[in-house]
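These numbers come from a predicted model, not from an experiment. Only this structure's heavy atoms are used, side chains among them; waters, hydrogens and symmetry mates stay out. We number each residue from 1, following the sequence as shown. For ligands, and for the atoms within them, numbers begin at 1 and follow the listed sequence.
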Amino acid sequence: MSPLEDIERAFAEVSGIDQMKSHFQAALAEGTSPLKILESMRQGLLTAGKKYEQGEYFLSELVMSGIMAQELSVMLKPYLQVGEGQSLARIAIGTVKGDLHDIGKNLVSTMLSSAGFEIHDLGVDVPPEKFVEVVEKEKPTMIAMSCLLTVAMDTMKNVMDQLAESGLRSQVKVLAGGRPITSDFAARIGADGYAADAIEAVSVAKSTLTK
Ligand code: B1M
């Protein structure tokens, strides 16, 4: 089995940090691209998530898969950062209210900052009022909303509504993404851009700047 397959299986089977780390080292030693490592993690997490959904795994396994993903994200970070350069624009990013998932958001932040964006990370469980306040006071060029839970998707719509109500909508671009978010949903709520993953987030953020 290749190190990439090993990484995917380590996440699918939630086999612990030590095993995952040794597969990660093996993958690096073979010169595997960090983006491929990320994709193997994502595939493994999909399986772990499905097993949780089907009752085969408990919350403890979901928690452990999250800890493993966090560890791998931290180990991957130096390989994903390609340089600083001039700031393209300021982006305030957060996971919307009701949602505590932050691994994907953090990867999106890493890729955006690596591409030259200045990132203001608002964290998780961010209420619409907070997004509005940040737009008003700090005037970022863009806000980026992440959401992993279907029950929290409505918060994205609330953010858009509150931006419009406060007269700030035209002053800021809005990006939306996360596992249950689709381009249709993003368009329906009036976001300027949608990205399916952290890599796409960079190209979408860049193209949204010129919209
Ligand atoms: Co949660 N969880 N979780 N979880 N969890 C999911 C999301 C779930 C799909 C699992 C499942 O049942 N199959 C399910 C949601 C189902 C649904 O809503 N329909 C679920 C559930 C139910 C829950 C709880 C409710 C469980 C419970 O308590 N009973 C609970 C909710 C807590 C809360 O938020 N209020 C919960 C908790 C947790 C943990 C804390 C244990 C942990 C999170 C740890 C953390 O984030 N610090 C966790 C984990 C690890 C998962 C899974 C297994 C993995 C998520 C992850 O990190 N993926 C997940 C199943 C899955 O997604 N496979 C699951 C890796 C990450 C790199 O991918 O986050 O998708 P992702 O990000 C991608 C893209 O989505 C995109 O780019 C990223 C990188 O490529 N992206 C953007 C993300 N944000 C973007 C923003 C953009 C653009 C792209 O622009 C702005």
Side-chain angles (χ1 to χ4, degrees), residues 7-8 10-14 20 34-74 76-77 80 91-115 117 119-127 131 140-156 159-160 172-183 185-186 189 191-208:
I7 290 171
E8 180 176 338
F11 278 97
E13 295 179 357
V14 198
M20 179 273 291
L35 295 178
K36 284 194 173 155
I37 296 177
L38 209 55
E39 179 54 22
S40 295
M41 171 182 94
R42 203 183 65 80
Q43 289 298 335
L45 283 170
L46 276 178
T47 307
K50 279 192 194 124
K51 287 185 176 179
Y52 170 75
E53 227 167 335
Q54 290 158 0
E56 190 182 327
Y57 283 171
F58 296 106
L59 188 57
S60 53
E61 272 110 355
L62 201 64
V63 172
M64 190 58 201
S65 75
I67 294 171
M68 287 170 64
Q70 199 74 61
E71 282 282 329
L72 185 60
S73 303
V74 170
L76 271 175
K77 203 169 172 177
L80 295 171
I91 302 184
I93 188 168
T95 302
V96 296
K97 188 172 169 53
D99 193 342
L100 303 174
H101 294 83
D102 66 356
I103 296 161
K105 167 187 71 66
N106 294 344
L107 282 168
V108 170
S109 299
T110 301
M111 294 300 288
L112 287 173
S113 92
S114 156
F117 289 94
I119 300 298
H120 177 181
D121 191 344
L122 306 173
V124 296
D125 200 18
V126 182
F131 280 108
T141 313
M142 223 177 274
I143 58 172
M145 301 185 283
S146 175
C147 175
L148 269 275
L149 294 178
T150 44
V151 290
M153 287 168 68
D154 279 351
T155 310
M156 286 192 172
V159 173
M160 303 306 295
V172 70
K173 304 285 187 189
V174 182
L175 287 189
R179 196 173 178 274
I181 308 304
T182 60
S183 54
F185 177 81
I189 64 169
D192 300 294
Y194 156 80
D197 57 40
I199 299 159
E200 203 178 292
V202 172
S203 51
V204 172
K206 283 183 178 167
S207 63
T208 304

Indicate yes or no: does Glu39 engage Arg42 in a salt bridge with an N to O separation below 4.0 Å. yes
Closer than 4.0 angstrom: is that true for some heavy atom of Pro180 and an atom of ligand 1? no
Not counting sequence neighbours, which residues clear salt bridge (charged side-chain N to carboxylate O under 4.0 Å, His left out) with Glu13? List them please. none
Does Gly98 come within less than 4.0 angstrom of ligand 1, counting non-hydrogen atoms of the residue? yes
Under the side-chain hydrogen bond (donor to acceptor under 3.5 Å, both in side chains) definition, can you give me all pairs with a residue in residues 62-73, not counting sequence neighbours? none
Expected output: side-chain Asp197 to main-chain Glu200 donor-acceptor under 3.5 Å: yes
May I ask which of Gly104, Ala176, Ala152, Ala196 has a heavy atom nearer to atom 71 (P) of ligand 1 than the others do? Gly104
For ligand 1, which is the ligand I care about here, please tell me if Leu45 has any N or O atom under 3.5 Å from one of the ligand's N or O atoms. yes
Examine distances only and state if a side-chain atom of Asp99 and a backbone atom of Thr95 form a donor-acceptor pair shorter than 3.5 Å. no
Select the closest option to atom 88 (C) of ligand 1 among Ala195, Ser109, Gly94, judged by heavy-atom distance. Ala195
Hey, is Arg42 one of the residues with a heavy atom under 4.0 angstrom from ligand 1? no
For atom 1 (Co) of ligand 1, protein N, O or S atoms at a distance below 2.8 Å amount to 1
Run the side chain to side chain donor-acceptor pair (under 3.5 Å) test against Asp125 and tell me which residues pass, sequence neighbours left out. none
